[in-house]
There are 2 protein chains.
Amino acid sequence: MPRAATTTDVFNAVAEPRRRDIIALLSNGQEWPVNDVVVRLQLAQPAVSKHLGVLRKVGVVTVVKRGQHRMYKLEAANLKPVHDWAKTFEHLWTNQISRIKERAEQKAMERIVRENQPRPKNQK
Amino acid sequence: MPRAATTTDVFNAVAEPRRRDIIALLSNGQEWPVNDVVVRLQLAQPAVSKHLGVLRKVGVVTVVKRGQHRMYKLEAANLKPVHDWAKTFEHLWTNQISRIKERAEQKAMERIVRENQPRPKNQK
DNA sequence: GACATATATTCCTATATAGGAATATATAAG
DNA sequence: CTTATATATTCCTATATAGGAATATATGTC
């Protein structure tokens, strides 16, 4: 049984790091022609086209034809499922971080108290 | 050239929906024995073991041996890269939603103003 | 129309995998 | 020790894919 296709859903589409790179590039709000993506990411043109094809299929990018150019634009909202899914677990690591912080502060307090302790007199 | 292995990074590990289901289950904060996951998700035991193996490899779960039981625990913090990555784009759809909201409110205001406009007297 | 440029698509290939089936390994109980 | 239970792992298989190489398609310029 094969793995789910990369075009199954956003999760599968963005698993591939180069596609994440493309998304990051397009996130500046501008429309990008394919060749600019090629140059910026130093990937081969057919590779870029293929990746963009996947992203288009899952709705993460859209394309507008401008003469011989294909301008690609990010549809960021379609990344929301990933964010929403991961956000479900945010409270788990947030609490963890608070707990680590509390522990550090407690240790700092103990250290301060210890340093302000009057020193025992020399027995000598 | 093959696809990146599922154990390459968290993105690849969670691309598979059944693994996302397992993560959701373990997110209740408890330790889960394999068989409970099997029963709850109605998956075959070997399949669950394999998925857990992937998740363990990328650090998303850890396992404690308790006699003949293997208790699995979520390490949610290791999902943070996914959240952080998606969060990068949050402002893009948040602004979109605000804009949709503003437009709706403007339309509502115009409607209210229109409804409170004194009616033209009948010419009759 | 010839030639140039942009880009999508096809062909090819080695590789990884999810589940099914089977089996190996590890612990518990009597 | 035998039997039972929990679970990891192996073997098998059909499928999808990322990039390389090549090619097809679409638009621009003179």
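Just so it is clear: chains get the letters A, B, ... in the order the sequence lines come, proteins before strands, and each one is counted from 1. Predicted model only: the values in this text are computed from it and were never measured.
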Q: Heavy atoms only: give me the nearest A/L74-A/L26 pair and the separation to one decimal.
A: CB-O, 3.7 Å
Q: Return the value, rounded to whole Å, for the distance between atom CZ of B/F11 and atom P of D/dA18.
A: 16 Å
Q: Rounded to the nearest 0.5 Å, what separation is found between the CZ atom of B/R20 and the OG1 atom of A/T88?
A: 11.0 Å
Q: Kindly work out whether a path of hydrophobic side-chain contacts (I/L/V/M/F/W/Y, heavy atoms less than 4.5 Å apart) joins B/V61 to B/L43.
A: yes
Q: For A/L55 and D/dA18, give me the distance from atom CG to atom P, rounded to whole Å.
A: 11 Å
Q: Between D/dT17, D/dT7, C/dA21, which one does the side chain of A/T6 approach most closely?
A: D/dT17
Q: Using whole Å, what does the distance between atom P of nucleotide C/dT9 and atom CG of A/L52 come to?
A: 11 Å
Q: Check salt bridge (Lys or Arg N to Asp or Glu O under 4.0 Å) between B/K87 and all other residues, then give those that pass, not counting sequence neighbours.
A: B/E90
Q: B/N35 has an atom CG; how far is it from atom P of D/dT5, in whole Å?
A: 11 Å
Q: For nucleotides 22-30 of chain D, give me one character per nucleotide, 5' to 3': B if any protein heavy atom sits under 4.0 Å from the base, S if the only such contacts are to the sugar-phosphate, - if neither.
A: B----BS--
Q: If you compare all heavy atoms of A/T7 against all heavy atoms of A/V58, which two are closest, and at what distance to 0.1 Å?
A: O-CG1, 3.5 Å
Q: Please report, rounded to the nearest Å, how far the C1' atom of C/dG19 is from the CD atom of B/Q42.
A: 16 Å
Q: Are B/H51 and C/dT17 close enough that a side-chain N or O sits under 4.0 Å from OP1 or OP2?
A: no
Q: Atom CE of A/M1 and atom P of D/dT15: how far apart are they, to the nearest Å?
A: 11 Å
Q: In terms of the nearest nucleotide of DNA chain D, which residue is placed more toward the 5' end: B/R56 or A/E16?
A: B/R56
Q: Hey, could you give me the CH2/CG distance between A/W32 and A/L41, rounded to the nearest 0.5 Å?
A: 8.0 Å
Q: I need the CG-P distance between A/N12 and C/dT17, as an integer number of Å.
A: 13 Å
Q: Evaluate the ring planes of A/F11 and A/W85, with Trp represented by its six-membered ring, and classify them as parallel (under 30°), tilted (30 to 60°) or perpendicular (over 60°).
A: perpendicular
Q: What's the NZ-C1' distance between B/K57 and C/dA18, to the nearest Å?
A: 17 Å
Q: Return whichever of A/L43 or A/R3 has its heavy-atom-nearest nucleotide of DNA chain D closer to the 5' end.
A: A/R3
Q: Between B/P2 and A/P2, who's closer to the 5' end of DNA chain C by nearest nucleotide?
A: B/P2
